[in-house]
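Below is one structure, written out as structure tokens, with a few remarks after it.
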Amino acid sequence: MSLDPASLTIASARDGLKAKQFSAAELAEAAIGAMQAARPLNAVLVETPDRARADAKRADQRLAKGEAGALEGIPLAIKDLFCTEGVETTAGSKILKGFKPTYESTVTANLWREGAVMLGKVNMDEFAMGSSNETSAYGNVENPWRRPGDNRPLVPGGSSGGSAAAVSAGFCLGATGTDTGGSIRQPAGFTGIVGLKPTYGRCSRWGIVAFASSLDQAGPMTRSVRDAAIMLGAMAGFDPKDSTSVDLPVPNYEASVGQSVKGLRIGVPKEYRLDGMPAEIETLWQQGIAWLKEAGCEIVDVSLPHTKYALPAYYIVAPAEASSNLARYDGVRFGHRAAGAKGINELYAKTRGEGFGPEVRRRVLIGTYVLSAGYYDAYYIKAQQVRTLILRDFEKVFGEVDALLAPTAPSAAFPIGDKADDPISMYLNDVFTVPVNLAGLPGMSVPAGLSADGLPLGLQLIGKAFDEATLFRVGAAVEKAANFTARPKPWWRA
Ligand code: GLN
């Protein structure tokens with residue numbers, strides 16, 4: 001029988017490799033074949049089959065010697081925001097076309113140290129700015145899911161849409177994502193997989209192309225909660241090269257999966273109940289509450305009164321930091337350089353005008369505006385003050401509860417093009433995810449059900465700072481109760 005990576009999880013592949021049911025080389029070959037068969041999804045920007053074969057060979061040797069790491073022989077896809085030594089890293093932008101980093105990000109280095117196999121670099125919104133993957137300079141990623149009886153292509157969510165599509169389509173067993181305002185959780189929700197944004201400082205940001213440095217955080221995207229725990233254990237840890245990474249031991253996250261949730265107090269924030277929210281999102285949320293009650297949790301109604309200011313504050317802070325971070329793309333040091341410019345100012349202007357897409361230009365303009373003299377106090381300082389109030393809301397509530405339960409996004413995946421001309425309606429898709437980034441807390445999306453249109457919907461769990469362990473515990477309980485076994489039909493193989 002041929003090996004199908006879509007039928008495996010990281011945990012089951014780990015067992016299969018140890019029991020010698022298949023080798024890492026066989027698994028890599030199957031994953032490479034499945035990745036190439038999935039090209040119609042446009043999820044992968046750079047396929048690295050030779051690298052995957054070399055990694056798998058080394059994994060088989062380490063397995064044979066009994067020296068296997070936590071991810072030995074596991075094929076992963078890497079979001080193109082992570083610098084990978086010698087492998088083109090574009091952040092989904094034309095301006096970085098051809099950029100081959102001379103160094104490896106700490107998170108990916110940690111994954112290779114644990115024996116993971118790199119299949120390729122995956123597509124994303126340009127510089128991680130977007131919620132649908134439509135801002136990529138390299139074309140849309142298509143969601144592996146389609147509405148039954150409707151062939152219209154759907155967005156996979158964003159910005160980690162290539163990662164989400166890769167895991168959901170099943171050609172890799174896990175993928176890295178990054179989440180600045182929801183970019184792991186929302187695409188996980190849209191594709192029926194698990195996505196976890198860790199606490200700010202849990203994973204090193206070193207070697208990850210910066211979007212908004214005070215919000216960015218890397219995390220795992222997988223097909224099960226257990227797999228997310230295994231993968232986060234490998235990714236996380238203190239890194240002296242990132243001054244915001246935190247020197248705390250990395251717990252055995254996998255040990256939390258399957259632990260009883262009896263007696264845990266779960267908060268339900270009333271401000272997440274929005275006017276005009278589709279009834280099926282509310283129904284799913286109520287279902288989640290019922291599942292956790294049945295599992296022995298105590299449900300507590302809580303209030304996070306400043307929630308309504310989170311989205312506007314985010315869309316000031318994130319562009320402000322982006323405009324500063326993206327100043328480095330000047331045509332001199334990295335990637336694209338405009339031809340025929342007269343003088344340095346024209347070189348900057350032409351390079352940036354040619355290299356950045358419309359959404360990135362919009363963010364740089366907004367960010368520069370809110371940081372400029374006269375507006376700094378009115379916008380940026382105000383947004384930072386709001387951020388403190390949002391954090392205080394969460395801190396107060398976490399005096400009473402162990403975790404919060406909310407929807408991941410206010411909708412299921414939407415058709416490509418539906419929101420492309422309306423940035424505000426696109427930004428509204430982040431309404432449930434951005435408060436978590438502003439407060440620096442961990443959040444996880446777990447697939448919980450199907451919409452009336454037959455598309456996946458996620459439930460979000462929000463935890464205390466550095467308490468990812470409780471999220472794995474509660475997430476596994478939701479996963480078990482939801483028993484979400486639906487899979488996209490592999491139309492791309494036809
Ligand atoms: N959709 C949000 C934005 O466009 C979040 C992106 C992210 O988390 N990287 O900014």
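Heads up: numbering here begins at 1 and tracks the sequence. Every number for a ligand or one of its atoms is a count from 1 in the order of the listing.
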Between Asp150 and Arg152, is the closest basic N to carboxylate O distance under 4.0 Å?
yes
Check Glu395 with Arg392, please: is the shortest side-chain N to carboxylate O separation under 4.0 Å?
no
At a 4.0 angstrom heavy-atom cut-off, what protein residues surround ligand 1?
Ala128, Met129, Gly130, Ser131, Ser159, Asp179, Thr180, Gly181, Gly182, Ser183, Phe211, Tyr314, Tyr315, Arg363, Asp430
Can Lys419 be said to sit on top of Phe414's aromatic six-ring, NZ or CZ under 6.0 Å from centre and within 45° of the ring axis?
yes
Measure the shortest side-chain to side-chain distance between Val386 and Ile390 over non-hydrogen atoms and say whether it is less than 4.5 angstrom.
yes
Tell me whether Arg273 forms a cation-pi arrangement with Trp285, defined as NZ or CZ under 6.0 Å from the six-membered ring centre and within 45 degrees of its axis.
yes
Would you say that Pro488 contacts Ser168 through its side chain, given a criterion of any heavy-atom pair below 4.5 Å between the two side chains?
yes
